[in-house]
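The structure displayed is predicted, hence computed values, not measured ones. All heavy atoms count here, side chains included; hydrogens, waters and symmetry mates do not.
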Amino acid sequence: MRPSKSVRTALLATIGAAAIAVTGAPAAAAESRSCTYVDGTLCLHESKWFNGATVEYPAPFGTDCVNSSMGFLGWVNLTDYSLRVYEGANCTGISYYVPSGDLHNVQAPLSSFKVV
């Protein structure tokens, strides 16, 4: 069962507060691009702890493969789309299914994604 939007928002606030407590700075303070966590966005995190560099992609994505500008270990999918994230560029290699509303992390960096 997918958590409600208010539960996801509370979880993201908690993660952000934990990152501030550990690092002494907001999670994406060094990055010019940070995630807004608004409906209709996919936020990719460089770290599995959801801190450090982030890249946000607004939906819709189309059906083509999207190569991320950085390797990512965590994601928050606030789109209405189910996605598949891939280890390699151009949607190659090991992949994971990402349902709409998914907040997740992995152990090995991923590089690309597409709508399924």
- Message: Between Glu56 and Thr36 (side chain of the first, backbone of the second, donor and acceptor by atom type, cut-off under 3.5 Å), is there such a pair?
- Response: yes
- Item | Min side-chain heavy-atom separation Phe113-Val98 under 4.5 Å | no
- Is there a side-chain contact between Trp75 and His104, using heavy atoms and a 4.5 Å cut-off? yes
- Query: Donor-acceptor pair, Asn105 side chain versus Leu73 backbone, under 3.5 Å?
  - Reply: no
- Task: State yes or no: do Val116 and Tyr96 share one hydrophobic cluster built from I, L, V, M, F, W and Y residues joined by side-chain heavy-atom distances below 4.5 Å, directly or via other members?
- Result: no
- Which atom of Ser112 lies closest to which atom of Gly88, heavy atoms considered: OG-O, 2.6 Å
- Item | Least distance between heavy atoms, Ser47 atom then Asn51 atom | OG-OD1, 2.9 Å
- Kindly give the heavy-atom pair with the smallest separation between Thr54 and Cys43, and that separation in Å. CB-SG, 4.3 Å
- On a heavy-atom basis, the closest approach of Gln107 and Lys48 is OE1-NZ, 3.1 Å
- Between the side chains of Glu87 and Ser111, does any donor sit under 3.5 Å from an acceptor? no
- Is any side-chain heavy atom of Tyr97 less than 4.5 Å from a side-chain heavy atom of Asp102? no
- Message: Side chains of Asn77 and Thr79: any donor to acceptor distance under 3.5 Å?
- Response: yes
